[in-house]
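In what follows, every chain begins at residue 1, and chains take the letters A, B, ... in the order their sequences are listed.
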2 protein chains.
Amino acid sequence: MYEVIRKPTIVDVARAARVSTATVSRVLNGRRVDPELVRRVRAAAAELHYRPNGTARSLQAGATRLIGVLVPDLGNPSFSELLRGLADATGAHGHRLLVADSKEIQDEERALIHELALHCDGLVLCSPRLPLEELARFAVGPLVCTNREVGGLSMSSAGVDSYAGMTEIVRHLATLGHRHIGYLAGPPDSWSNAERQRALGDSAAALRLQVTVVQAGSTSDDGHRALPALLAAGVSAVVAFNDLVAIGLLAGLREQGLDVPGDVSLAGFDDIPVAQFLAPPLTTVRLPTEEVGRQAWELLREQLQQAGRHGTVRLPTELVVRGSTGPAPDAP
Amino acid sequence: MYEVIRKPTIVDVARAARVSTATVSRVLNGRRVDPELVRRVRAAAAELHYRPNGTARSLQAGATRLIGVLVPDLGNPSFSELLRGLADATGAHGHRLLVADSKEIQDEERALIHELALHCDGLVLCSPRLPLEELARFAVGPLVCTNREVGGLSMSSAGVDSYAGMTEIVRHLATLGHRHIGYLAGPPDSWSNAERQRALGDSAAALRLQVTVVQAGSTSDDGHRALPALLAAGVSAVVAFNDLVAIGLLAGLREQGLDVPGDVSLAGFDDIPVAQFLAPPLTTVRLPTEEVGRQAWELLREQLQQAGRHGTVRLPTELVVRGSTGPAPDAP
DNA sequence: ATGAAAGCGCTAACAA
DNA sequence: TTGTTAGCGCTTTCAT
């Protein structure tokens, strides 16, 4: 009789090797077994092209060794970097990444979190846009947010000190003689953006600087579109929510025949790899994004080992002064 | 007595709702059930904070709805874009992405492919570096390679026409009067690189151009490092394996006080988002990378629906002439 | 329409 | 050491 063609299971291997399934399992997992049986099992497995079923293993083990990661935009180099740090760190511990992109859409974010939670041992939510209390409801399993304050809720948080970074860059601009600074704001629900805006307000008040906030977003196109509003406001320096936005603005400025930093100074956030290669090289606040990814894993790992061990990591930023910022045109 | 704290299962819900597990399952999956029982089940599930176990479902279903993706470098914007197209397309069909980064290391690649295969319904290998025959051995399940010829092997392939792209850019440079072209070669095991190099050789022969190939790699640093060799060769135009490499070289050229395209013309491959924002904006061969991701999913889907339905998709490229290429300095 | 029971592929406790 | 067997959590016949 012909057998229905299906993937060989451990039962098939056991039969072919004339041993029990337990023995096959032991051989496969490197447990102590009689060499002769080991040989027979290996031969049978090879013969049948046997591959163990990861799902069955996961069910039995009660864990999948899968970590769900939600990012708002896979296209942003900053998240790629975080992903890389995360993939590197989790990989070293035998865990893999289940990646989903919410495309900055809240409903997507909610749906994806629910779905990821079904298959994963833990979740890393990158710059989540959902309200905190809603996030808290998901926090049944190990959960880490990046770049998001989590209050006293039962989750961990890894991020950077956006407030300090903004403070530093405003001081830098003030020192260069700028009295009116424009800010290209990021996504409305971004906590990082709120922090940066808050720091800008505080610093400006302390230094008696004028500030114009223009709503932009997180992409280069958003930055490009914001140019007219900025020009109308008459700022002499601009800080963008991130480097991508800064790049878009830079291109717009160049199209208008404006010199950077001669006419307008420009700074971003992130220090994405290309920032140093732009013309002029971009002054920016460097965020240790890859390290945030690593730290997120460490925090997750603590929760994996012992439920309820929450923690918060806030990494320092570093102002990287390059060619895109210079003295204010009307400075003494 | 106190129960040990563990996640509630369908059994717990069934007991609490005083129905069978089958009924709970039916309610959860929207099957026709008496409204009163539906109510009781939903109430019990909510009360217990019940969440179904995805692994158990997958085991029962014989499928995980997970697609494994292997990329050589998560940090390369080009792969982020592919990932995005893939995530978008698979997501629309209820599949998720299991992502792994081989960091351009062959051993990693091999190990990760094996691992991914254990948990996934299908695999997408992005620009794999492993030899074809080894890849063929993995092709027990649905498999798609991107940017890699697969011969008659039992897998599908989605990619771009690198050969045509290179041909077009060489013609462009020749028209501008360039007689000696430098090529910054990509990773040695990259099939795309081989294709581009082959096209360059063929075109140069036909047009009687001189060619100097300098081994670089796939990152901006690689491009930056290649500058001396290029300068020594005395080329008047350079084509880089990809935009990242071109960007590194561009920065190096600028540091040397050389003008692009005044002294040297420069072109890349990919058209990553920042390419248009560089100074000068980068002439490059645009690859429909996101679309490659979508097509990869379509090909995978065909295999998922019916084993053995292999296909090949080769998408056209488009030369995007921007400011980084111009007439040869010594042209008439 | 509902429940009892088998079984997805694997590992681990228990026996021998 | 090896085999037998129970069971991980779920869905799905098969009866009722």
Notebook entry, point to check: Should B/Arg57 and B/Pro52 count as side-chain neighbours, where that means a heavy-atom distance under 4.5 Å?
Noted result: yes
Check: Would you say a side-chain N or O of B/Thr23 is under 4.0 Å from OP1 or OP2 of C/dG3?
Finding: yes
Margin query: Whether the A/Thr23 and A/Ser20 side chains hold a donor-acceptor pair (N or O, under 3.5 Å, no angle test) is what I'd like checked.
Written below: yes
Checklist line | Options C/dA5, C/dA12, C/dG9, nucleotide nearest the side-chain atoms of A/Thr9 | finding: C/dG9
Next item on the list: For the side chain of A/Ala22, starting at C-beta, report the closest nucleotide among D/dG9, D/dG3, C/dT2.
Entry: D/dG3
Next item on the list: For B/Arg32 and C/dT2, give me the distance from atom CZ to atom P, rounded to whole Å.
Entry: 10 Å
Margin query: Check this for me: does any side-chain nitrogen of one of B/Glu47 and B/Arg42 sit under 4.0 Å from a carboxylate oxygen of the other?
Written below: no
Notebook entry, point to check: Distance check: side-chain N/O of B/Arg31 vs OP1/OP2 of D/dT12, anything under 4.0 Å?
Noted result: yes
Notebook entry, point to check: How far apart are the closest heavy atoms of A/Glu109 and A/Leu130, and which atoms are they?
Noted result: OE2-N, 3.1 Å
Margin query: Taking A/Arg84 first and then B/Asp73, would you say they form a salt bridge - that is, a charged N and a carboxylate O separated by under 4.0 Å?
Written below: yes
Margin query: Tell me the interatomic distance from B/Leu48, atom CG, to D/dG9, atom C1', rounded to whole angstroms.
Written below: 15 Å
Item checked: Rounded distance in Å - CG (A/Asn29) to P (C/dC10) -> 11 Å
Margin query: Output the rounded distance in Å from CD (B/Glu36) to C1' (C/dA1).
Written below: 14 Å
Margin query: Using salt bridge (Lys or Arg N to Asp or Glu O under 4.0 Å), reason through B/Glu108 and B/Lys103 one step at a time and then give a plain yes or no.
Written below: CA-CA 8 Å; B/Glu108 282 276 324; B/Lys103 301 185 234 167; 5.2 Å; no
Item checked: Length of the NZ-C1' vector between B/Lys7 and D/dC8, whole Å -> 13 Å
Note to self: Heavy atoms only, 4.0 Å cut-off, all strands: where does B/Leu37 land among base, sugar-phosphate and nothing?
What the structure shows: sugar-phosphate
Check: Touch check for B/Val11, heavy atoms < 4.0 angstrom, all strands: base, sugar-phosphate only, or nothing?
Finding: nothing
Check: Where the side chain of A/Ile10 is concerned, which of D/dT5, D/dT12, C/dC10 is the nearest nucleotide?
Finding: C/dC10
Next item on the list: On DNA chain C, check which nucleotide each of A/Val24 and B/Ser20 is closest to and give me the residue with the more 5' one.
Entry: B/Ser20
Notebook entry, point to check: So, is B/Arg51 close to the D/dG9 phosphate, meaning a side-chain N or O under 4.0 Å from OP1 or OP2?
Noted result: no
Checklist line | Whole angstrom value for the distance that separates P of C/dC10 from CZ of A/Arg6 | finding: 10 Å
Next item on the list: Return yes if the base of C/dG9 and the side-chain atoms of A/Gln60 contain a donor-acceptor N/O pair under 3.5 Å, otherwise no.
Entry: no
Next item on the list: With the side chain of A/Thr21 defined as its heavy atoms from C-beta on, choose the nearest nucleotide among D/dT12, C/dT2, D/dT5.
Entry: D/dT5
Check: Looking for any heavy atom pair under 4.0 Å, which part of the strands does B/Val19 touch: base, sugar-phosphate only, or nothing?
Finding: sugar-phosphate
Check: Rounded to the Å, how far apart are A/Asp34 CG and D/dT2 P?
Finding: 5 Å
Item checked: Between C/dT2 (C1') and B/Arg40 (CZ): distance, integer Å -> 11 Å
Check: With no angle test and no hydrogens, is the base of C/dG3 tied to the side chain of B/Arg26 by a donor-acceptor pair under 3.5 Å?
Finding: yes
Item checked: Distance below 4.0 Å between B/Asn53 side-chain N/O and D/dC8 OP1 or OP2 -> no
